Number of protein chains: 2
Amino acid sequence: MDTQPAPDRRRLPPDERRRQIVEGAVAFFADVGLEGNTRDLAKRLGVTQSLLFNYFAAKSDLLEAVYEHVYLNRLSDDWPTLLTDRNRSIRDRVLHFYDDYSKLIFQYEWMRIFMFSGLAGAELNRRYLDHLGRVIFGPLLAEMQAAAPDPQSIEIEDLWNLHGGIVYIGIRQHIYQVPCPDDPTKAITRAVDRFLAAFDIT
Amino acid sequence: MDTQPAPDRRRLPPDERRRQIVEGAVAFFADVGLEGNTRDLAKRLGVTQSLLFNYFAAKSDLLEAVYEHVYLNRLSDDWPTLLTDRNRSIRDRVLHFYDDYSKLIFQYEWMRIFMFSGLAGAELNRRYLDHLGRVIFGPLLAEMQAAAPDPQSIEIEDLWNLHGGIVYIGIRQHIYQVPCPDDPTKAITRAVDRFLAAFDIT
DNA sequence: AACCTTATTGATCATACGATCATTAGTTGG
DNA sequence: CCAACTAATGATCGTATGATCAATAAGGTT
C-alpha cells in the first residue's frame, strides 16, 4: 500500500476552486436537499467548512450559484425554431424536442433541485414554467392547430397533460426512485403518437 | 376591544390533544417541509414546544404519526372492485376512479408531504407506488387488454404515462403553485378519452 | 370547597449549524 | 532560493434546535 495519492491539494486558483465548490454543492444539495449543512458539504469536497465562506458570503449566496448552475442553459434557444419548422412533420419536431428535452431534464441533479426549490416556493420555478409555456407550448399549440383538421379541439391544457406524462417518468426515476424504463424514448414516442392520433395530426 | 377570547385552553383530553397536534403537524410540515422545527410548530398550535414531547418521544415519532395520518385510507379498497366491474364501460370505470382519486390526492397536504417524503428517500413512497401498480394498474391493464382489439398493444408503462399526465396537474397546483384548472375533471376526461381512443377501446 | 390526578408549562441542557477571523502554508515572481 | 501574496485552515462565537424534567395549575371527584 502506498501513501494517499493527494492528501490535500490545497491552494487551487480561485476560479477553479469556486467551480469545484459549486459543482460539488449541486450534487450535494441534490442529494440531501437545500437545507443540507455546510459542514457535510465541505467534508464531501475535502475542504474545510470555513473555506466555503471565503467564496460565498453566506449559504444563501452559494445556493444562488447552485440555482444558476443548474438552471442556466436548461432551455435551448433552438427549440422554438425547431418546433416551428414546417419543413418537418409535427411528429418529427415533437419527438426531436422531447428527445433533447428529456436528455436535459431527466437527470438526478436537475430533477431534484428543481423539486426542492419548487417545494421551497422559489419564484425561479414559476418563471421557468411560465417561460416553458410561452416559448415552447405556445408555439407548439399553434403548430398543432395549424396541422389539425379541427384546430379548436386542441387546448394548451392538453399539451400540459402530454408534458406531464413525460416528465412523470423523470419524477419516478429520480424523486421516488422506483423502477422505470432506462431509456424513456419508447414511452415518449408512444405518448406523442397517441396524442397526435387523438387530434388527427399526421 | 375586548380581552382575548381564549388565551390558552389548556388541559385537553390526551386523545384530543394528540389529534390536534398531528393535524397541526400535517399542515405545518406540508408548508415548510419535514425539517420544520418544533418551536414553530408549537407556536402555530398555540402550545409550548415541550408539550409536543409529552405526546411523541422524538420528532421522528411525530413524523411517523404525520405519515400515518396522511397515507392512511388514501387508497380505497373499493377501486379494484370498481375497475374490474365489467357491467360498466372501461371509460366509466376509469373516469370514476380518477374522479375519486383526484379528489383524494389533489390536496395541498397530501401532494406536498408525499413529495417531501419522496425526496427524503422514504420507503413509504415506493411502497405506495408499488401498491398502486399492483392493485390499480395491474387489474386496469388486464381490463383494458380484455376490451381492446389488440390487447398486446397496451403496456403498463402506457398506464403510468396516463397517470403521470393526470398527477402532474396536482404537482403544478400544489408544488410549483402555478396557474392551472380549478376543476381537473375536464382535463382528466380528455386525457382518458385520448388514451382509450388510441387503443380502440370503446 | 378541598383534593388529587396529570396535562401543561418554563427553564435548561447538549448539540448542530452558519458565520468570523487570526494564523498557517502553498505558490509565484524576482 | 527567498520573500510576498493569498488560498486555506483551525479555533471560536452566537444562535437555533431537539430533548429533558421539575414545577404548576386545570378539571374532575368526593
Side-chain angles (χ1 to χ4, degrees), chain A residues 3-67 113 116-117 120 122, chain B residues 3-67 113 116-117 120 122:
Chain A
T3 59
Q4 52 263 57
D8 49 343
R9 304 184 206 151
R10 305 198 318 186
R11 212 177 177 82
L12 292 183
D15 286 359
E16 194 175 332
R17 177 69 80 188
R18 189 191 161 93
R19 201 173 44 75
Q20 180 206 25
I21 290 176
V22 171
E23 287 176 7
V26 167
F28 174 73
F29 289 121
D31 275 347
V32 306
L34 307 178
E35 308 184 28
N37 67 65
T38 54
R39 273 168 237 270
D40 287 346
L41 167 58
K43 197 172 293 174
R44 184 189 283 212
L45 287 166
V47 300
T48 56
Q49 181 239 5
S50 56
L51 182 65
L52 303 177
F53 290 89
N54 285 8
Y55 289 85
F56 301 93
K59 184 188 167 185
S60 57
D61 295 321
L62 174 56
L63 283 176
E64 286 298 316
V66 166
Y67 288 145
I113 285 180
F116 277 124
S117 67
Chain B
T3 60
Q4 53 263 55
D8 50 343
R9 300 186 208 151
R10 305 196 320 180
R11 209 173 180 85
L12 292 183
D15 286 359
E16 193 175 333
R17 177 69 81 189
R18 188 191 160 93
R19 202 173 43 75
Q20 178 205 27
I21 290 176
V22 171
E23 285 175 8
V26 168
F28 174 74
F29 289 121
D31 274 347
V32 306
L34 307 178
E35 307 184 27
N37 68 63
T38 54
R39 273 168 237 270
D40 287 346
L41 168 58
K43 197 172 295 173
R44 184 188 282 212
L45 287 167
V47 299
T48 56
Q49 181 239 2
S50 57
L51 182 65
L52 304 177
F53 290 88
N54 283 10
Y55 288 85
F56 301 94
K59 184 187 166 185
S60 57
D61 294 322
L62 174 54
L63 282 177
E64 286 298 315
V66 165
Y67 288 145
I113 285 179
F116 277 123
S117 70

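Here is how names work: the chains are called A, B, and so on, in the same order as the sequence lines, proteins then strands, and each is numbered from 1. All values below were derived from every heavy atom in this structure, side-chain atoms included, with hydrogens, water molecules and symmetry-related copies excluded. All values reported here derive from a predicted model rather than from experimental measurement.
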Undergrad: Between P on dA16(C) and CD on Glu35(A), what's the gap in Å once rounded to a whole number?
TA: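 The answer, rounded to whole Å, is 17 Å.
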Undergrad: What is the distance, rounded to the nearest whole Å, between atom CG of Asp61(A) and atom C1' of dA19(C)?
TA: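 Going from CG in Asp61(A) over to C1' in dA19(C) covers 12 Å.
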Undergrad: Please report, rounded to the nearest Å, how far the C1' atom of dG18(D) is from the CG atom of Leu52(B).
TA: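 These atoms are roughly 11 Å apart.
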Undergrad: Could you check how far CG of Leu62(B) sits from P of dA19(D), rounded to whole Å?
TA: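 Those two atoms, CG and P, are 10 Å apart.
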Undergrad: I want to confirm an ordering. Mapping Asp40(A) and Ala57(A) to their closest nucleotides on DNA chain C, which one lands closer to the 5' end?
TA: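 So the residue in question is Asp40(A).
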Undergrad: Below 4.5 Å, heavy atoms only, C-beta onward: do Asp40(B) and Val32(B) meet side chain to side chain?
TA: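 The answer is no, as the side chains (C-beta and beyond) never meet within the 4.5 Å cut-off.
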Undergrad: Look up atom CZ in Arg11(A) and atom CD in Glu16(A), then write down how far apart they are to the nearest 0.5 Å.
TA: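 Rounded to the nearest 0.5 Å, the CZ-CD separation comes out at 13.5 Å.
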Undergrad: What I'd like to find out is whether the side chain of Arg17(B) reaches to under 4.5 Å of the side chain of Val47(B), using heavy atoms alone.
TA: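 Yes, at least one pair of side-chain atoms sits under 4.5 Å.
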Undergrad: Rounded to whole Å, please give me the gap between CD1 in Ile21(B) and P in dA7(C).
TA: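 After rounding, the reported distance stands at 12 Å.
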Undergrad: If I take atom CG in residue Asp15(A) and atom P in nucleotide dA7(D), what distance separates them, rounded to the nearest angstrom?
TA: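 The distance from CG of Asp15(A) to P of dA7(D) comes to 10 Å, rounded to the nearest Å.
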Undergrad: Return whichever of Thr38(B) or Arg39(A) has its heavy-atom-nearest nucleotide of DNA chain D closer to the 5' end.
TA: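 Result: Arg39(A).
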Undergrad: When you measure from the side chain of Lys43(B) to the backbone N and O of Thr48(B), does any donor-acceptor pair fall under 3.5 Å?
TA: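 Such a contact is absent between Lys43(B) side chain and Thr48(B) backbone.
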Undergrad: OP1 or OP2 of dA8(D) versus the side-chain N and O atoms of Tyr55(A): is any pair under 4.0 Å?
TA: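 Yes, because at least one side-chain N or O of Tyr55(A) sits under 4.0 Å from OP1 or OP2 of dA8(D).
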Undergrad: Taking only the side-chain nitrogens and oxygens of Arg17(B), find out if one of them lies under 4.0 Å from OP1 or OP2 of dA7(C).
TA: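 Arg17(B) to dA7(C) OP1/OP2: no side-chain N or O under 4.0 Å.
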Undergrad: Would you mind reading off the distance between Leu12(B) atom CG and dT9(C) atom P, rounded to a whole angstrom?
TA: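 Interatomic distance, CG of Leu12(B) to P of dT9(C): 10 Å.
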Undergrad: Reckon Pro13(B) touches a base, only the sugar-phosphate, or nothing at all at heavy-atom distances under 4.0 Å?
TA: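 Nothing, no nucleic acid heavy atom in range.
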Undergrad: Considering non-hydrogen atoms only, spot the tightest contact between Gln49(B) and Thr38(B) and give its length.
TA: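 Smallest interatomic distance, heavy atoms only, reads NE2-OG1, 3.1 Å.
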Undergrad: Would you state whether a donor and an acceptor, one from the side chain of Thr48(B) and one from the base of dG10(C), lie under 3.5 Å apart?
TA: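 Side chain to base: no pair below 3.5 Å.
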Undergrad: Could you tell me the separation between the CG atom of Leu63(A) and the P atom of dG18(C), rounded to a whole number of Å?
TA: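 Going from CG in Leu63(A) over to P in dG18(C) covers 10 Å.
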Undergrad: Leu62(A) pairs by side chain to side chain contact (heavy atoms under 4.5 Å, CB included) with which of Tyr55(A), Phe53(A), Phe29(A), Tyr67(A)?
TA: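 Of the listed residues Tyr55(A), Phe53(A), Phe29(A), Tyr67(A), the side chain to side chain contact (heavy atoms under 4.5 Å, CB included) partner of Leu62(A) is Phe29(A).
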Undergrad: Is any N or O donor-acceptor pair between the side chain of Asn54(B) and the base of dA7(C) shorter than 3.5 Å?
TA: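 Counting by modelled atom types and ignoring angles, no donor-acceptor contact under 3.5 Å is found here.
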Undergrad: For nucleotides 28-30 of chain D, print each protein N/O atom paired with a nucleotide N/O atom at under 3.5 Å, atom names and distance only.
TA:
none

Undergrad: Considering only heavy atoms and no angle criterion, is a donor-acceptor pair shorter than 3.5 Å present between the side chain of Arg11(B) and the base of dT6(C)?
TA: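 Side chain to base: pair present.
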Undergrad: Taking C-beta and beyond as the side chain, do Arg18(A) and Phe56(A) meet within less than 4.5 Å on heavy atoms?
TA: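 Yes. Closest side-chain heavy atoms under 4.5 Å.
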Undergrad: Of the options dT20(D), dT8(C), dG18(C), whose atoms approach the side-chain atoms of Phe53(B) most closely?
TA: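 Side chain of Phe53(B) sits closest to dT20(D).
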